[in-house]
Protein chains: 2
Amino acid sequence: MKKENEPRIKREKSYGWLMQRLNTRLRAALVGELQETGLSLSQFAVMMHVLDRTGQTQSQIGQHFAMPAYAISRAIDGLEEMGLVERKQGASRRAHQIAATQAGEALAPRLYSIVREVNGQELAALTEDEAATFLALLSKVHGGVP
Amino acid sequence: MKKENEPRIKREKSYGWLMQRLNTRLRAALVGELQETGLSLSQFAVMMHVLDRTGQTQSQIGQHFAMPAYAISRAIDGLEEMGLVERKQGASRRAHQIAATQAGEALAPRLYSIVREVNGQELAALTEDEAATFLALLSKVHGGVP
DNA sequence: ACTCAAATGTTGCAAATGCAAATATTGCGA
DNA sequence: TCGCAATATTTGCATTTGCAACATTTGAGT
């Protein structure tokens, strides 16, 4: 009997592989849902953050997502063109405060709904308890509650 | 007292946000380690898979990572140029079998070591038990063991 | 054996991304 | 107050990515 292509290691249990797969799936699901809104993933992220916390500066938004400044800059370019967001002049003249326009606010329910739906469907394989544990562990890995 | 910028929702506990952050961190860590090898992330992924299971076709590799065919095609273009991998003719004349060259095999220890190190450091915040639970849950979310 | 749809890979071109340099503004310290 | 380093954002350009069309090979049905 011939020794069939046996993997040296069960890579499917490795953190890296699992993250890669889950992230790919998450992104695909989000992109699908966002299709109708015309938002890209980064625009969506920024939009959510602006809806959550109005008036933050671009660099603050960037830190929140660990995204580079230029990505925020460009995401907001797009959101501004779509009339969903505006760069306001705050105390500082270099640090723009980003706020949702009325059209942007109007989009909020849809976006919140997408988040709920996608998060829910991605975690559908878990029981409620498991999901709670899972999120707690994700948070701990991230460096949240020790 | 003024109501300070209060977020409407604790987004930091949302699956989406956590995945975004953790994936960003993971990728950054890997890219850092891979610097010296000259491999891109997708080249690294493909290389690992080829080392794990030699002779797989490109589409099989693609499925394993949920990566599009063209990405595999291009990753292998690069790996071939670096002399780490070769496209072999198998039973079928369209489906190439990908195998590591000797130089590719020689790279294995380094790559395995990078995987161990990065996976370890990413999960460093967890105890061993927690890490086991975490990986099991990731796997379940992915659709592994039900 | 023949035809045609499906499977496998590759590639041209457009769009997104990343890097590094440029610009503008602020604020610290001499 | 002046000079200069730090902060905040933008942008030009090169690289990477993604889409969609293409080419090739296989296999199933007739």
Side-chain angles (χ1 to χ4, degrees), chain A residues 20 23-32 34-35 37-47 49-50 53 55-82 85-99, chain B residues 20 23-32 34-35 37-47 49-50 53 55-82 85-99:
Chain A
Q20 140 72 17
N23 201 255
T24 298
R25 203 171 74 187
L26 172 62
R27 292 173 73 91
L30 276 174
V31 166
L34 288 174
Q35 202 85 24
T37 69
L39 295 181
S40 74
L41 273 183
S42 32
Q43 289 170 342
F44 163 71
V46 169
M47 194 69 214
H49 189 67
V50 169
R53 292 175 161 269
Q56 298 255 98
T57 68
Q58 299 186 193
S59 76
Q60 286 176 315
I61 299 174
Q63 288 184 324
H64 187 255
F65 293 111
M67 284 171 73
Y70 69 80
I72 307 296
S73 183
R74 280 168 176 156
I76 293 180
D77 286 349
L79 292 172
E80 232 176 5
E81 263 180 40
M82 295 182 228
V85 128
E86 53 185 352
R87 290 171 157 105
K88 288 187 170 180
Q89 212 60 274
S92 165
R93 210 174 346 169
R94 64 181 165 182
H96 309 155
Q97 299 192 307
I98 312 301
Chain B
Q20 140 71 19
N23 200 256
T24 299
R25 203 171 73 187
L26 172 61
R27 295 173 71 91
L30 276 175
V31 166
L34 288 174
Q35 202 86 24
T37 70
L39 295 181
S40 73
L41 272 184
S42 30
Q43 289 171 342
F44 163 72
V46 169
M47 195 68 214
H49 189 67
V50 169
R53 293 175 160 268
Q56 298 254 99
T57 68
Q58 298 188 192
S59 76
Q60 287 176 314
I61 299 175
Q63 288 183 326
H64 186 255
F65 293 112
M67 282 170 74
Y70 69 80
I72 306 296
S73 183
R74 282 169 175 156
I76 293 180
D77 285 350
L79 292 172
E80 230 176 7
E81 264 181 40
M82 293 183 231
V85 130
E86 52 185 352
R87 291 171 157 104
K88 288 188 169 178
Q89 212 60 276
S92 165
R93 210 175 344 168
R94 63 180 165 184
H96 310 154
Q97 299 192 306
I98 311 302

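It should be emphasised that the depicted structure is a prediction, and the values quoted were computed from it without experimental measurement. So you know, we letter chains A, B, ... as the sequences are listed, proteins then strands, and number each from 1.
Counting non-hydrogen atoms of other residues, nucleotides and ligands closer than 6.0 Å to CZ of A:Arg27 gives a total of 12 or fewer. Remark: A:Gln89 CD is packed, more than 12 non-hydrogen atoms of other residues, nucleotides or ligands lying under 6.0 Å away.
Between A:Tyr70 and A:Ala95, the residue anchored nearer the 5' end of DNA chain D, judged by the nucleotide with its closest heavy atom, is A:Ala95. The nearest heavy atom of DNA chain C to A:Arg93 and to A:Pro68 marks one nucleotide each, and the one closer to the 5' end goes with A:Pro68.
For A:Arg74 against C:dG18, a side-chain N or O and a base N or O form a donor-acceptor pair under 3.5 Å. On a pure distance criterion of 3.5 Å, no polar donor-acceptor pair joins the side chain of B:Arg94 and the base of C:dT8.
Taking 4.5 Å as the limit, every side-chain heavy atom of A:Arg74 sits out of range of all side-chain heavy atoms of A:Pro68.
Across every non-hydrogen atom of B:Gln60 and B:Gln56, the tightest pair is OE1-CA, 3.4 Å.
The side chain of B:Gln58 contributes an N or O atom lying less than 4.0 Å from OP1 or OP2 of C:dT10. Put simply, B:Ser59 has no side-chain N or O that comes within less than 4.0 Å of OP1 or OP2 on C:dA7.
Protein chain A contacts DNA chain D from D:dA6 to D:dC13, reading 5' to 3' and using non-hydrogen atoms of the protein with a distance under 4.0 Å.
In this structure, A:Ser40 reaches neither bases nor backbone, as no heavy-atom distance under 4.0 Å exists between it and the strands shown.
Summarising the geometry, the separation between CG on B:Asp77 and P on C:dT8 is reported as 19 Å, rounded to the nearest angstrom.
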